[in-house]
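Here is the structure we will look at, set down as C-alpha coordinates.
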Amino acid sequence: MARLLIVGPQGSGKGTQGVRIADALDIPAVSTGDVFRAAVKDGTELGKQVQSLIEAGDLVPDELTSAVVRERLAQDDAARGFLLDGYPRNLGQVADLDAFLAGRGEQLTGVIELSVPREESMSRLTLRAAEQGRTDDTEEAIARRLAIYESETAPILDVYRERGIVDTIDGVGTLDEIAERIRTALAARDIVGA
Ligand code: AMP
(Lines give C-alpha, C1' and ligand atoms only; values in the text may rest on other atoms or scores of the structure.)
Protein backbone atom coordinates (compact mmCIF):
# COMPACT_ATOMS: atom_id res chain seq x y z
CA MET A 1 0.00 0.00 0.00
CA ALA A 2 1.34 3.41 -0.96
CA ARG A 3 0.95 5.91 1.86
CA LEU A 4 3.57 8.41 0.85
CA LEU A 5 4.95 11.78 1.74
CA ILE A 6 7.01 14.01 -0.53
CA VAL A 7 9.23 16.55 1.22
CA GLY A 8 11.53 19.22 -0.16
CA PRO A 9 12.21 22.92 0.10
CA GLN A 10 9.87 25.29 -1.69
CA GLY A 11 10.94 25.38 -5.31
CA SER A 12 12.18 21.77 -5.26
CA GLY A 13 9.45 20.67 -7.67
CA LYS A 14 7.70 18.50 -5.06
CA GLY A 15 4.23 19.60 -6.17
CA THR A 16 4.85 18.62 -9.79
CA GLN A 17 6.56 15.34 -8.94
CA GLY A 18 3.96 14.55 -6.27
CA VAL A 19 1.13 14.72 -8.79
CA ARG A 20 3.07 12.53 -11.23
CA ILE A 21 3.73 9.83 -8.65
CA ALA A 22 0.16 9.92 -7.39
CA ASP A 23 -1.21 9.60 -10.94
CA ALA A 24 1.13 6.70 -11.69
CA LEU A 25 0.07 4.89 -8.51
CA ASP A 26 -3.60 5.85 -8.94
CA ILE A 27 -3.82 7.44 -5.50
CA PRO A 28 -4.87 10.99 -4.57
CA ALA A 29 -2.22 13.70 -4.10
CA VAL A 30 -3.08 15.79 -1.06
CA SER A 31 -1.36 19.18 -0.97
CA THR A 32 -2.15 21.35 2.05
CA GLY A 33 -0.78 24.39 0.19
CA ASP A 34 -3.28 23.76 -2.65
CA VAL A 35 -6.15 23.30 -0.17
CA PHE A 36 -5.28 26.58 1.56
CA ARG A 37 -4.82 28.50 -1.71
CA ALA A 38 -8.19 27.25 -3.00
CA ALA A 39 -9.85 28.30 0.26
CA VAL A 40 -8.35 31.80 0.01
CA LYS A 41 -9.44 32.09 -3.62
CA ASP A 42 -12.99 30.98 -2.78
CA GLY A 43 -13.13 33.30 0.23
CA THR A 44 -14.24 30.53 2.62
CA GLU A 45 -14.01 30.74 6.41
CA LEU A 46 -10.81 28.65 6.27
CA GLY A 47 -9.43 30.98 3.60
CA LYS A 48 -10.01 34.02 5.79
CA GLN A 49 -8.23 32.34 8.69
CA VAL A 50 -5.11 31.45 6.70
CA GLN A 51 -4.67 34.22 4.12
CA SER A 52 -2.37 36.58 6.03
CA LEU A 53 -0.23 33.70 7.35
CA ILE A 54 0.31 32.32 3.87
CA GLU A 55 1.13 35.69 2.39
CA ALA A 56 3.78 36.27 5.06
CA GLY A 57 5.28 32.83 4.42
CA ASP A 58 4.38 31.68 7.95
CA LEU A 59 2.92 28.30 8.85
CA VAL A 60 -0.77 27.82 9.49
CA PRO A 61 -1.35 26.52 13.07
CA ASP A 62 -0.99 22.76 13.49
CA GLU A 63 -4.52 22.14 14.82
CA LEU A 64 -6.10 23.76 11.80
CA THR A 65 -3.75 22.10 9.30
CA SER A 66 -4.06 18.65 10.86
CA ALA A 67 -7.86 18.94 10.92
CA VAL A 68 -7.88 19.75 7.19
CA VAL A 69 -5.71 16.71 6.44
CA ARG A 70 -7.74 14.34 8.63
CA GLU A 71 -10.90 15.40 6.85
CA ARG A 72 -9.31 14.87 3.44
CA LEU A 73 -7.82 11.46 4.29
CA ALA A 74 -11.18 10.28 5.61
CA GLN A 75 -12.63 10.49 2.10
CA ASP A 76 -13.15 7.22 0.23
CA ASP A 77 -10.49 7.73 -2.43
CA ALA A 78 -7.74 7.83 0.22
CA ALA A 79 -8.58 4.37 1.54
CA ARG A 80 -6.33 2.73 -1.06
CA GLY A 81 -3.37 4.99 -0.33
CA PHE A 82 -2.41 8.61 -0.74
CA LEU A 83 0.50 10.94 -1.33
CA LEU A 84 0.92 13.88 1.03
CA ASP A 85 2.65 17.01 -0.28
CA GLY A 86 3.60 19.69 2.24
CA TYR A 87 2.25 17.94 5.34
CA PRO A 88 3.58 17.12 7.91
CA ARG A 89 5.83 20.16 8.01
CA ASN A 90 7.04 20.14 11.62
CA LEU A 91 7.38 17.66 14.48
CA GLY A 92 3.96 18.50 15.96
CA GLN A 93 2.29 17.59 12.68
CA VAL A 94 4.27 14.34 12.52
CA ALA A 95 2.77 13.43 15.91
CA ASP A 96 -0.73 14.42 14.72
CA LEU A 97 -0.42 12.32 11.57
CA ASP A 98 1.03 9.33 13.44
CA ALA A 99 -1.89 9.40 15.87
CA PHE A 100 -4.47 9.70 13.11
CA LEU A 101 -2.99 6.87 11.04
CA ALA A 102 -2.46 4.63 14.09
CA GLY A 103 -6.18 4.97 14.76
CA ARG A 104 -6.76 3.34 11.37
CA GLY A 105 -4.05 0.73 11.91
CA GLU A 106 -1.88 2.47 9.31
CA GLN A 107 1.45 4.22 8.98
CA LEU A 108 3.39 6.00 6.26
CA THR A 109 5.12 3.53 3.96
CA GLY A 110 7.54 5.84 2.17
CA VAL A 111 9.00 9.33 2.33
CA ILE A 112 10.58 10.91 -0.74
CA GLU A 113 13.02 13.69 0.05
CA LEU A 114 13.73 15.90 -2.95
CA SER A 115 17.16 17.36 -2.45
CA VAL A 116 17.87 20.69 -4.18
CA PRO A 117 20.64 23.19 -3.35
CA ARG A 118 19.44 26.43 -1.83
CA GLU A 119 20.55 28.62 -4.77
CA GLU A 120 18.62 26.39 -7.17
CA SER A 121 15.36 26.55 -5.18
CA MET A 122 15.74 30.33 -4.77
CA SER A 123 16.12 30.83 -8.51
CA ARG A 124 13.22 28.48 -9.33
CA LEU A 125 10.98 30.33 -6.86
CA THR A 126 11.91 33.70 -8.30
CA LEU A 127 11.10 32.40 -11.78
CA ARG A 128 7.76 31.00 -10.56
CA ALA A 129 6.96 34.36 -8.95
CA ALA A 130 7.41 36.04 -12.33
CA GLU A 131 5.37 33.36 -14.15
CA GLN A 132 2.50 32.65 -11.77
CA GLY A 133 2.33 35.71 -9.56
CA ARG A 134 1.71 33.72 -6.38
CA THR A 135 1.08 36.18 -3.54
CA ASP A 136 3.56 34.37 -1.27
CA ASP A 137 6.36 34.42 -3.83
CA THR A 138 7.70 37.80 -2.74
CA GLU A 139 11.40 37.91 -1.90
CA GLU A 140 10.68 38.32 1.81
CA ALA A 141 8.15 35.49 2.01
CA ILE A 142 10.41 33.18 -0.02
CA ALA A 143 13.29 33.75 2.42
CA ARG A 144 10.93 33.16 5.35
CA ARG A 145 9.62 29.89 3.90
CA LEU A 146 13.12 28.56 3.20
CA ALA A 147 14.21 29.45 6.75
CA ILE A 148 11.18 27.65 8.20
CA TYR A 149 11.95 24.66 6.00
CA GLU A 150 15.44 24.42 7.42
CA SER A 151 14.50 24.95 11.07
CA GLU A 152 11.15 23.14 11.31
CA THR A 153 10.69 20.81 8.36
CA ALA A 154 14.15 19.30 7.87
CA PRO A 155 14.04 17.76 11.41
CA ILE A 156 11.01 15.64 10.49
CA LEU A 157 13.26 13.77 8.07
CA ASP A 158 15.40 12.55 10.97
CA VAL A 159 12.32 10.97 12.54
CA TYR A 160 11.38 9.19 9.32
CA ARG A 161 15.02 8.23 8.64
CA GLU A 162 15.06 6.39 11.94
CA ARG A 163 12.09 4.41 10.69
CA GLY A 164 14.06 3.54 7.55
CA ILE A 165 11.44 4.84 5.13
CA VAL A 166 13.23 7.82 3.51
CA ASP A 167 14.60 7.87 -0.03
CA THR A 168 16.65 10.96 -0.81
CA ILE A 169 16.35 11.86 -4.47
CA ASP A 170 18.57 14.29 -6.38
CA GLY A 171 16.08 16.98 -7.41
CA VAL A 172 18.26 18.60 -10.05
CA GLY A 173 17.59 17.49 -13.62
CA THR A 174 14.73 17.35 -16.07
CA LEU A 175 11.22 16.50 -14.85
CA ASP A 176 11.48 13.10 -16.53
CA GLU A 177 14.88 12.31 -15.04
CA ILE A 178 13.71 13.14 -11.53
CA ALA A 179 10.45 11.19 -11.99
CA GLU A 180 12.47 8.17 -13.10
CA ARG A 181 14.74 8.40 -10.03
CA ILE A 182 11.68 8.44 -7.79
CA ARG A 183 10.06 5.55 -9.65
CA THR A 184 13.22 3.45 -9.26
CA ALA A 185 13.44 4.21 -5.52
CA LEU A 186 9.78 3.32 -4.94
CA ALA A 187 10.09 0.13 -6.97
CA ALA A 188 13.06 -0.90 -4.81
CA ARG A 189 10.67 -0.64 -1.85
CA ASP A 190 8.04 -2.66 -3.71
CA ILE A 191 5.82 0.41 -3.94
CA VAL A 192 4.37 0.15 -7.44
CA GLY A 193 1.26 1.24 -9.31
CA ALA A 194 -2.07 -0.50 -8.77
P1 AMP B 1 3.17 25.10 -0.19
O2 AMP B 1 2.32 25.18 -1.40
O3 AMP B 1 3.35 23.69 0.31
O4 AMP B 1 4.48 25.81 -0.35
O5 AMP B 1 2.38 25.87 0.98
C6 AMP B 1 2.07 27.25 0.87
C7 AMP B 1 1.78 27.85 2.23
O8 AMP B 1 0.65 27.18 2.83
C9 AMP B 1 2.90 27.69 3.26
O10 AMP B 1 3.90 28.69 3.14
C11 AMP B 1 2.12 27.80 4.57
O12 AMP B 1 1.75 29.14 4.81
C13 AMP B 1 0.84 27.03 4.23
N14 AMP B 1 0.99 25.59 4.53
C15 AMP B 1 1.00 24.56 3.63
N16 AMP B 1 1.15 23.38 4.24
C17 AMP B 1 1.25 23.65 5.57
C18 AMP B 1 1.44 22.85 6.73
N19 AMP B 1 1.58 21.50 6.65
N20 AMP B 1 1.49 23.48 7.93
C21 AMP B 1 1.35 24.81 8.04
N22 AMP B 1 1.19 25.63 6.98
C23 AMP B 1 1.14 25.06 5.75
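Nothing fancy with the numbering, it's 1 onward along the sequence. Both ligands and their constituent atoms are indexed starting at 1 by order of listing. Worth saying up front: this structure is predicted, and the values here are computed from it rather than measured.
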Lys14 side, atom NZ; Ile169 side, atom CD1 - distance, nearest 0.5 Å: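 That separation rounds to 16.0 Å.
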Residue pair Tyr149 / Ser121, side-chain donor-acceptor N/O under 3.5 Å: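 Short answer, no.
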Who are the salt bridge (Lys or Arg N to Asp or Glu O under 4.0 Å) partners of Asp158, not counting sequence neighbours?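 Counting only residues at least two positions away or on another chain, Asp158 forms a salt bridge (Lys or Arg N to Asp or Glu O under 4.0 Å) with Arg161.
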Short N-O contact, Arg124 and Glu120, less than 4.0 angstrom: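 Salt bridge: yes.
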Side chain to side chain contact (heavy atoms under 4.5 Å, CB included) partners for Ala56, two or more places apart: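 Ala56 satisfies side chain to side chain contact (heavy atoms under 4.5 Å, CB included) with Asp58 once adjacent residues are dropped.
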Any salt bridge (Lys or Arg N to Asp or Glu O under 4.0 Å) involving residues 36-56? Give me the pairs, sequence neighbours left out, ordered by first then second residue.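 Of all non-adjacent pairs touching residues 36-56, those that pass salt bridge (Lys or Arg N to Asp or Glu O under 4.0 Å) are Asp34-Arg37.
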First-shell residues of ligand 1 [heavy atom, distance under 4.0 Å]: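 Gln10, Lys14, Thr32, Gly33, Phe36, Arg37, Ile54, Asp58, Leu59, Val60, Thr65, Gly86, Tyr87, Arg89, Gln93, Arg134, Asp136, Arg145.
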